[in-house]
> 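I'd like to ask some things about the structure below.
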Protein chains: 2
Amino acid sequence: MFIEIETNSAVPIYLQLAQSIIEGVAKGELKPGDSLPSVRAFAADLGMNMHTVNKAYHYLEEKEFIQIVQKKGVFIHENGVRLASPSDRDRLKKELRPIVAEALCLQLSNEDLEQLVRDLILKIKEGE
Amino acid sequence: MFIEIETNSAVPIYLQLAQSIIEGVAKGELKPGDSLPSVRAFAADLGMNMHTVNKAYHYLEEKEFIQIVQKKGVFIHENGVRLASPSDRDRLKKELRPIVAEALCLQLSNEDLEQLVRDLILKIKEGE
DNA sequence: CCTTTGTTCTACTAATAATAGAACAGTCTT
DNA sequence: AAGACTGTTCTATTATTAGTAGAACAAAGG
């Protein structure tokens with residue numbers, strides 16, 4: 001699994017890491033039950049701090065994408081690939097709203113937006 | 001124009017304000033050339049600091065949604081409602097990507113996503 | 001027994017968010 | 001000409017977040 005971290009990005013690196021893992025699940029590269037590296041190993045691999053990886057893991061645990069098992073390790077949550085719950089949908093809506101508003105100002109039509117989403121899905125699934 | 005600011009939100013209030021203004025433009029309540037309140041008046045109205053409103057204004061100026069005219073005031077940019085430029089599209093894509101990845105994990109189909117976007121457009125245009 | 005696991009603790013630096021008040025140089029109205 | 005108003009700039013302070021660092025802990029597992 002290839003993970004690129006942009007140090008200069010405005011997006012915190014723990015979030016970039018979490019999003020990379022989510023993309024891994026999205027493209028099927030990571031499947032429910034799969035184990036993730038230990039916080040120490042991952043940190044060494046990515047050149048970041050153990051606590052930063054830990055932060056990404058807990059962020060993902062709260063969203064129920066991974067499961068942290070005490071003293072054993074971290075795994076893709078059995079329910080990681082699931083049908084969106086109402087709270088899942090609410091979360092997506094809140095995140096999506098400002099982007100849609102901006103798209104309206106930029107006069108993107110429904111078709112434009114759909115095309116944009118399709119492009120992204122392809123990029124995510126094919127990797128970049 | 002009704003603006004709600006959630007103090008307890010993880011989203012900084014200057015960003016909430018900026019997004020509210022973008023929504024105002026999106027729904028046509030604010031039109032190119034319209035003037036916005038002075039930083040002082042807006043701050044007093046919203047119960048926040050002058051510098052915080054100023055920060056929101058500069059955030060919007062960088063995105064070319066408003067125009068700040070020295071010693072005169074702030075106005076919706078003449079080019080505020082425009083056809084998306086390539087850099088506009090790139091910006092939208094970057095913001096959209098992690099959300100689309102999450103949606104894939106939550107097994108949302110293209111139709112689900114389109115429906116979600118349609119709902120949001122309605123809510124934004126009708127106001128909440 | 002020893003390594004590995006995530007956890008917890010303290011500590012520190014840097015950046016961001018938010019507030020506060022004052023002063024400045026122009027614009028605009030009266 | 002006076003006075004109110006504009007965004008800007010300056011210094012200051014507080015709180016939170018991001019990130020790093022190192023040590024210690026308890027339990028799982030070979």
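These numbers come from a predicted model, not from an experiment. Values below: every heavy atom of this structure, side chains too, minus hydrogens, waters and symmetry copies. To find a chain, count down the sequence lines: A is the first, B the second, and so on, and within it residues start at 1.
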> Taking transitive links into account, so neighbours of neighbours count too, which hydrophobic residues share a cluster with A/F75 at under 4.5 Å side-chain distance?
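When side chains under 4.5 Å apart are linked, the cluster holding A/F75 also contains A/V69.
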> Tell me, for nucleotides 11-27 of chain C in 5' to 3' order, what letter each nucleotide earns: B for a base near a protein heavy atom under 4.0 Å, S for only sugar-phosphate near one, - for neither?
------SSBBBBB-BSS
> Can you tell me if B/D88 uses its side chain to pair, donor with acceptor, with the backbone of B/S85 under 3.5 Å?
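Indeed, once roles are kept as given, a pair shorter than 3.5 Å links the two residues.
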> A/F42 has an atom CZ; how far is it from atom C1' of D/dG19, in whole Å?
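Taking atom C1' of D/dG19 as the reference, CZ of A/F42 is at 17 Å.
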> Hey, does the side chain of A/S38 come within less than 4.0 Å of C/dT5's phosphate (OP1/OP2), counting only N and O?
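Yes, within the criterion.
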> Quick one: A/E6 CD to D/dG19 C1', roughly how many Å, whole number?
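Answer to the nearest Å: 18 Å.
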> Given atom CD of A/Q16 and atom P of D/dA18, what is their separation to the nearest angstrom?
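Spelled out: CD on A/Q16 to P on D/dA18 is 13 Å.
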> Rounded to the nearest Å, what distance is computed from the NE2 atom of residue A/H58 to the C1' atom of nucleotide C/dT8?
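Nearest whole value for this atom pair: 11 Å.
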> From CG of A/L46 over to P of D/dG19, roughly how many Å is that when rounded to an integer?
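From A/L46 CG to D/dG19 P: 13 Å.
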> Can you tell me how far P of C/dT8 sits from CG of A/N54, to the nearest Å?
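Whole-Å distance recorded here is 9 Å.
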> Determine the minimum heavy-atom distance between A/L17 and A/A56, stating which atoms define it.
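Heavy-atom minimum between the residues: CD2-CB, 3.9 Å.
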> Whole Å only: how far is the CG atom of B/L36 from the P atom of D/dG7?
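To the nearest whole Å, that distance equals 10 Å.
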> Side chains of A/K55 and A/Y59: donor-acceptor distance under 3.5 Å anywhere?
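No pair is found: no donor N or O on one side chain lies under 3.5 Å from an acceptor on the other.
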> What is the distance, to the nearest angstrom, from the CG atom on B/N8 to the P atom on D/dT17?
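That distance rounds to 12 Å.
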> For a quick test of reading the model, state the closest non-hydrogen atom pair linking B/E95 to A/I99 and the distance between them.
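In this case the closest contact between B/E95 and A/I99 is O-CD1, 3.5 Å.
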> Would you confirm whether B/R97, through its side chain, and A/I124, through its main-chain N or O, come within 3.5 Å as a donor-acceptor pair?
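Not a single qualifying donor-acceptor pair exists.
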